[in-house]
Amino acid sequence: MASDLLGKYLVRRLGDQVLALPITEVEAYDGFKDLASHASRGITERNAPMFEGGGVWYVYFVYGMHHMLNIVVGEKDYPAAILIRGVGDISGPARLTSFLKIDKSFNTKGAKRQSDLWIEDRGEDLVPKKILKTARIGVSYAGPVWSKKKYRFLIREN
DNA sequence: TAAGTGATCTCT
DNA sequence: GAGATCACTTAA
């Protein structure tokens, strides 16, 4: 479940520093039928990481300037990933990758400490979190059905 | 609201 | 190889 990521921490090691920021916003891209997903037309060189099974990063470059960070989920050969759109006070998937210096060097890498970018469940959220569900952002190309699926999840209002 | 920017995808 | 598109951001 994509919303399970909300409240977990995205941890980034940058040299001596380790930054841990709570995940506040995500979007799910699920399977071949999801017309908003890069994998809806099958495997390509770019989306191949989505087919590798859970636990690896899928990082790609769009609009000539922005990197997007996804964590691959699901079984091998079934394309599914969760786009991390917000952490801490940073909102927007490209701002997040810019701030944490995440680029394609993480693509296909395991989300483990050794890769200097991973996810931790710190179980600190004692307060029940309010999860909002909305349609995904920037996917109007996906047609009337899939562009409206409520696959975007976020904590806290505003 | 539109420009910026370049990788990638889908045809020829 | 060419043309279109794009899971966005910023400045106006």
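Below, chains carry the letters A, B, ... as their sequence lines are ordered, and counting in each starts from 1.
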Asks: Under 4.0 Å, counting only non-hydrogen atoms across every strand here, what does Ala94(A) touch: a base, just sugar-phosphate, or nothing?
Replies: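 Result for Ala94(A) = sugar-phosphate.
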Asks: Say whether Met68(A) and Tyr63(A) are linked into one hydrophobic cluster, either directly or through other cluster members, by side-chain heavy-atom distances under 4.5 angstrom.
Replies: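 Met68(A) and Tyr63(A): one cluster.
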Asks: Would you give the length of the straight line joining atom CZ of Arg136(A) to atom NZ of Lys149(A), rounded to the nearest 0.5 angstrom?
Replies: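 The NZ atom of Lys149(A) is 9.0 Å from CZ of Arg136(A), to the nearest 0.5 Å.
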Asks: What stems, by residue range, does DNA chain B take part in, given at least 3 consecutive Watson-Crick or G-U pairs under 3.5 Å?
Replies: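 Stem list for DNA chain B: B:1-4 with C:8-11, B:6-11 with C:1-6.
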Asks: Out of curiosity, Leu69(A) CG to Asp103(A) CG, how far, rounded to the nearest 0.5 Å?
Replies: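 These two atoms lie 11.0 Å from each other.
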Asks: Nearest-Å distance, NE2 (His38(A)) to P (dC8(C))?
Replies: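 Between P of dC8(C) and NE2 of His38(A): 9 Å.
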Asks: To the nearest Å, give me how far apart CD (Glu25(A)) and P (dC8(C)) are.
Replies: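 Nearest whole value for this atom pair: 10 Å.
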Asks: Please enumerate all residues that pass side chain to side chain donor-acceptor pair (under 3.5 Å) together with Glu120(A), with sequence neighbours excluded.
Replies: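 Glu120(A): side chain to side chain donor-acceptor pair (under 3.5 Å) contacts with Arg113(A), Trp118(A), Arg122(A).
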Asks: Measure the spacing between CG of Leu35(A) and OH of Tyr141(A) and express it to the nearest 0.5 Å.
Replies: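 It is 9.5 Å, given to the nearest 0.5 Å.
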Asks: Check the distance between dT9(C)'s P and Phe61(A)'s CZ and give it to me in whole angstrom.
Replies: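 In whole Å, dT9(C) P lies 13 Å from Phe61(A) CZ.
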Asks: According to the 5.5 Å centroid and 30° plane-angle thresholds, does Tyr60(A) stack upon the nucleobase of dA7(C)?
Replies: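 Stacking between Tyr60(A) and dA7(C): absent.
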Asks: Looking at every heavy atom in both Ser147(A) and Ala135(A), which two are closest together, and how far apart are they?
Replies: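 Answer, listing the atom of Ser147(A) first, then Ala135(A): O-CB, 3.7 Å.
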Asks: Nearest 0.5 angstrom please: Asn107(A) CG to His67(A) NE2, how far?
Replies: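 Between Asn107(A) CG and His67(A) NE2, I get 10.5 Å after rounding to 0.5 Å.
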Asks: If I take atom CH2 from residue Trp57(A) and atom CD from residue Glu52(A), how far apart are they, to the nearest 0.5 angstrom?
Replies: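 One finds 14.0 Å between CH2 of Trp57(A) and CD of Glu52(A).
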Asks: Tell me the interatomic distance from Arg41(A), atom CZ, to dC6(C), atom C1', rounded to whole angstroms.
Replies: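 In whole Å, dC6(C) C1' and Arg41(A) CZ are 13 Å from each other.
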Asks: Tell me the interatomic distance from Arg136(A), atom CZ, to dC6(C), atom C1', rounded to whole angstroms.
Replies: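 Rounded to whole Å, this separation is 15 Å.
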Asks: What is the 5' to 3' range of DNA chain B, first to last nucleotide, that sits under 4.0 Å from any heavy atom of chain A?
Replies: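 Listing 5' to 3', DNA chain B meets chain A from dG4(B) to dT10(B).
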Asks: Provide, to the nearest angstrom, the distance between the CG atom belonging to Asp34(A) and the P atom belonging to dA7(C).
Replies: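 Those two atoms, CG and P, are 11 Å apart.
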Asks: Can you name the nearest heavy-atom pair linking Leu21(A) to Phe99(A), along with the distance?
Replies: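 Result for this residue pair: CD1-CE2, 4.2 Å.
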Asks: If you look at every strand shown and take non-hydrogen atoms under 4.0 Å, does Met65(A) touch a base, only sugar-phosphate, or nothing?
Replies: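 Base contact - Met65(A) has a heavy atom under 4.0 Å of at least one base atom.
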Asks: At 4.0 Å (heavy atoms only), tell me whether Arg46(A) reaches a base, stays on the sugar-phosphate, or touches nothing.
Replies: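 Sugar-phosphate: the residue Arg46(A), judged by heavy atoms under 4.0 Å, touches backbone atoms but no base.
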Asks: Does a side-chain N or O of Arg85(A) approach OP1 or OP2 of dC8(C) to a distance below 4.0 Å, or not?
Replies: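 Yes, such a contact exists.
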Asks: Check the distance between dT10(C)'s C1' and Tyr63(A)'s OH and give it to me in whole angstrom.
Replies: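 Going from OH in Tyr63(A) over to C1' in dT10(C) covers 14 Å.
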Asks: Please report the distance, rounded to the nearest Å, between OH in Tyr58(A) and C1' in dA7(C).
Replies: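 Rounding to the nearest Å, OH of Tyr58(A) and C1' of dA7(C) are 9 Å apart.
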